[in-house]
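Here's the structure we're looking at; comments come further down.
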Amino acid sequence: MRRPILAANWKMYKTTAEATAFAAELLALLKERGGGQCEIVVCPPFTALAVLRDALAGSPVELGGQNLYPQKEGAYTGEISGSMLREAGASYAIIGHSERRQYFGESDAFLNEKVKAALSEGLKPILCVGETLAQRRGGEMASVCQGQLAGALAGLDPSICDTLVIAYEPVWAIGTGESAQAADAQETAGLLRQWLREAYGATAADQVRIQYGGSAKPENIAGYLAMPDIDGALIGGAGLKAASYWAMIQAAG
Ligand code: 13P
């Protein structure tokens, strides 16, 4: 049984004051929860990580970074290392978000270095893959997504499956309000798991949690979670408000 994981990717939103207010609201809602199996991960801007680490201490909420640089330290102006993320309270790192691929030209080979760096720093990677609308229309969805997976995971052995989370985020569904049909998201998630089975064997592959991302919200989350190969969501806009994030957490149990 894979534990569902709902991760909020805040992107470049929220000051530390706004993050603190969100934490207070979420903590108040969590008090009503009394248990629950779903894993809750907030990925704020770097500046809010340590603030949230302190505000959420003792709660079940975990933290993730939105990116990392694949070196331990050095003259890399503007970058952040895995150990810095760990120190600031992160246990996850989002790697290969389509916005990083699109605006910062991140290649699969570079993302492969980042996955390895995350693992060596004890961070669990949330590896994002997804096709553009043109690729989908061109019938390339499976080859693009599986190719991104193969590139980012090159050289890694089946033990990657102990910690790996994959986020399937069709680019055309991100921030557009136009979410994928649950059955279509399942089809891709199934293809990704099939690739993992062939690469690492069924036992390892069946451990990996696959999230859907792209206009996921309280109104559609249950449909995704009901799919056999979808184990949660990577949430943008709906993860910025404690109330809507909370509604999704409740739907995930
Ligand atoms: P939205 O939920 O705002 O579409 O963003 C999805 C996303 O990119 C999460 O990483």
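Start at 1 and go down the list; that is how both ligands and their atoms are numbered.
- Here the options are Gln66, Gln102, Glu169, Glu106, the test is side-chain hydrogen bond (donor to acceptor under 3.5 Å, both in side chains), and the partner is His97; only Glu169 passes.
- Under a 3.5 Å cut-off, the side chain of Arg193 and the backbone N or O of Ala205 do form a donor-acceptor pair.
- By the 30° and 60° cut-offs, the orientation of the rings of Tyr212 relative to Tyr224 is parallel.
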Could you walk me through whether Trp246 and Glu25 satisfy the side chain to side chain donor-acceptor pair (under 3.5 Å) test, starting with their C-alpha distance in whole Å, then the side-chain angles of each, then the deciding distance to 0.1 Å, before giving a yes or no? CA-CA 10 Å; Trp246 171 242; Glu25 262 189 81; over 6 Å; no
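- Glu18 places a side-chain N or O within 3.5 Å of a backbone atom of Thr15 that can act as its donor or acceptor partner.
- For residues 200-211, the salt bridge (Lys or Arg N to Asp or Glu O under 4.0 Å) pairs, not counting sequence neighbours, are Glu39-Arg209, Arg197-Asp206.
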Could you list each nitrogen or oxygen of ligand 1 that sits under 3.5 Å from a protein nitrogen or oxygen, with the atom names and the distance?
| unit_1 | atom_1 | unit_2 | atom_2 | d |
| --- | --- | --- | --- | --- |
| ligand 1 | 2 (O) | Ser215 | N | 3.4 |
| ligand 1 | 2 (O) | Gly236 | N | 2.9 |
| ligand 1 | 3 (O) | Gly237 | N | 2.9 |
| ligand 1 | 4 (O) | Gly175 | N | 2.6 |
| ligand 1 | 4 (O) | Ser215 | N | 2.7 |
| ligand 1 | 5 (O) | Lys11 | NZ | 3.4 |
| ligand 1 | 8 (O) | Lys11 | NZ | 2.8 |
| ligand 1 | 8 (O) | His97 | NE2 | 2.8 |
| ligand 1 | 8 (O) | Glu169 | OE1 | 3.4 |
| ligand 1 | 10 (O) | Asn9 | ND2 | 3.0 |
| ligand 1 | 10 (O) | His97 | NE2 | 2.9 |
| ligand 1 | 10 (O) | Glu169 | OE1 | 3.2 |
| ligand 1 | 10 (O) | Glu169 | OE2 | 2.9 |

